Amino acid sequence: MKNIGFKIAACLLFIIPLVSMSFKVKPMMEAYKKFNPERTFEVFYEFDLNSSKEKSFVKAYLPQSNVHQNVFNVNDHSNGIDYHEEIIDKNKRGIWETNKGPGFYKIRYKFSCETRAIEYKIDPKLSKYIAFSKKDTLFLKEEEYIQVNHPKIDSLAFLLTKEEKSLNGALDKIYQYVYKIPAIHTSKLTDALTTLEENKASCNGKARLFVALCRNINIPARLKGGLILENSKKRTSHLWAEVLVENTWVPFDALNGYYARIPANYLELYEGDLFLLAHSSKIAFDYKYNIKEENTSLFVNETFKKALRNNPITLFKLNDLDEYNQRVIHLLLLFPLGGLLVAIFNNVVGFKTFGVFLPVLIALSFLDTGYWVGLFMFVVVMLVVSLISLLLDKWSLLYIPKMAVILSALLLVVVLFMLMGIQYNIPYLTKVSMFPFVIIAVVTERFSTSLAEKGFSGSLKTLGHTLIVTTVCYLVFVSSIWKAIAILFPETILLIMLISLLLGKWIGMRLTEYKRFNLILK
Amino acid sequence: MGWLFDNEKNTGTIPVMGMNERNLRMIYANNPREHYALADDKVLCKNILEKNKVPCAKTYCVIENIGDIVSGWESVQQYTKLAIKPANGSGGGGIKILRKNELGKWMGSGKLISDDDIYFHLATIIFGVFSLGSTDRVLIEECIEPHSFFSEIYPQGVPDFRVIMLHKQPVMAMLRVPTDKSDGKANLHQGGLGIGIDIKKGLLMQAFDGKNYHDLHPDNGNAINGKKIEYWNEIIEISRQTASLFPLNYLGIDIVLDHKKGPMIMEINVRPGLAIQLANKKGLKQVLEEKQLNY
């Protein structure tokens, strides 16, 4: 049999990645079924305190992972402050303690989270007289700000739900009532009764009234505290309600209109009628929650990362590199794909480019400069080179000294750009410094050679082809999808090798050849 | 899918051979890389031809070192016309045709040329200016005077025959003829004509100018299609002879007709182009199939 080695290599390059990938698909699908992240946020607790005392403390509730949110990259950056955590009644609290005397202290606590919206369906056949375990009677009790048994609450609850037999119907009536209470912006604590009496409230008043009404008719309910996540630095936290339905806590927000659902941008921090923040008295305290939304990648997210944590064939470890090396390796990961694209353009389409991998390199350098600026520089440099080349060819210089002349001229052009950019304050001209000079120098050499070999119009055609392939490479490179795939499935590099290998044995006509031989193909 | 990849004997449905298939099935399969230089280097190539008495332009002198330029140039002063070529030049760069005028002074392109000009040009060749980076040798050889057969088609420039040899057999041939547009050059992509050849009968067929087919020369109306080629049997004979001398099985052999000596080998090409298919209005694969040649 002919080419047996080739066939074996091709089979291996097909089977190995497929087998390896198949080991990943199942855990990924399972993880995704359990938790499909919709949005990703990075949250900073930024607390500043000026303490005049020997010791002082700050306490804040911390997020925990659950069906709605997935917390990761947790980091305490506070210097000179003792930090520990406590868990009380399922709530996790961070405690920062200063014991080095009076002074100014900065608490910086960072975490990232992936979140998703959840919608709950309440069985309409479920009666409003629901069964629950004894320990949950805790969630029926009167509290300081939740006056469950006050006559006004009592009669309102009765009035709202007397006609309703189902749980869903009763909850709907209560929800509608609280929802219609006019909303006001206040940071003041409002209890359930005051909300009812004044008929206006912010989130905390509405949530407390909702909980009080539920508890009044023997539906276990509780408060839930957290943050609404959005790109901002904010001081406001948020409070909503949860109702226990068949062992599941179902969220209700009668301020923002979420009936039995929680949106993706809600971060749950604690349950119960508590305060997110607490600090020792007599200290100057300032705080904000600095929130940034991040891109949620379909492939590289914490959920998949966790699912593939034990799989050795991933490149997640690259994230341990420092930022510079990470960027380098991410650029390098683009190489195989770029090579394949050039091969396809050459052998299937029939485009001739300067050098085999130059379009890939140029596209990579465009990632630095931006496409249009890069293109502009590229075209100007080529024009200058061709003018100089034409001149030098007239004098018939030796090849390498000629290149040295061109390189010097190239540098002058680049410096000229920068000086003009500085003089007239045109930032994109100064960007030329970022433009990888080596790459343009290599292109210059190829272009000049081509001018000597093929003449101006032939070189221009090759230049055009080079730019088209470069553009396609650039478009592929700027999308984050390939980076994500390469990190999650490095096996695809073997698949790229396979496709390239097959392309190397492909004998079909190139697309441009159909045009060239059109007359004799008929 | 079989026809898509180079692993079947199947030739597929398209009679024309494309670049991918030519590279894989003709060049890589038939021409071992280490022997390319035998054809690419004009000096090496002519050594083989001359040793085996295949007619080709007589070598007057080969200059390898800068120090030999003056003595080399002096050794060719007995001739009245000659051609200076870089051994590894590409695309015709660095070629100078020189002849002596009535006063015995060298002329090139209608202008007087001093010895210093010549020395400079020879040095330029040795430095590799026309050979892209590598140093080179100078070949000074006999200058061919085109046969009157060519001037019956087009009076200027030097037309040449291209014969494609596969496994020492001629499979396709064409005649390349300059036009007014091509400025004396016979290359198809520079505006020359490619004229198909009926190998068996030794007749010219239609002429292709890159866009259209002609039966007459488009510039002067001289008859082309059906014209009998002089020395055709000899042309085929020296092509076979040449092919048998090289360890290369897919070759494009360039042949000129000298007004006195008849057919002479000009150059051998290990990567012959595909335009010959257009000149012959026929795909190479179709020809190979008709000839029942395996490739």
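Keep in mind that this is a model prediction, so the values were computed, not measured. Note on naming: letters A, B, ... go to the chains in the order of the sequence lines (proteins, then strands), and numbering restarts at 1 for each one.
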Does any non-hydrogen side-chain atom of [Y] lie less than 4.5 Å from one of [X]?
X      : Y      : result
B:I14  : A:F517 : no
B:L274 : A:R516 : yes
B:V16  : A:M509 : yes

Heavy-atom pairs under 4.5 Å with chain B are the metric here; pick the option from A:I520, A:V348, A:N518 that has the most.
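Option with the top pair count is A:I520.
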
Check this for me: [X], atom [atom1], are more than 12 non-hydrogen atoms of other residues, nucleotides or ligands nearer than 6.0 Å?
X      : atom1 : value
A:F23  : CZ    : no
A:K461 : NZ    : no
B:Y213 : OH    : yes
A:K352 : NZ    : yes
A:M497 : CE    : no

Part of B:N280 within contact of chain A (heavy atom distance under 4.5 Å)
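Contact with chain A: none, neither part.
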
From B:L24 CG over to A:I507 CD1, what is the distance, rounded to the nearest 0.5 angstrom?
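Nearest 0.5 Å value for the CG-CD1 distance: 7.5 Å.
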
First locate atom NZ of B:K211, then atom CG of A:L519, and finally report the distance between them rounded to the nearest 0.5 Å.
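It is 11.5 Å, given to the nearest 0.5 Å.
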
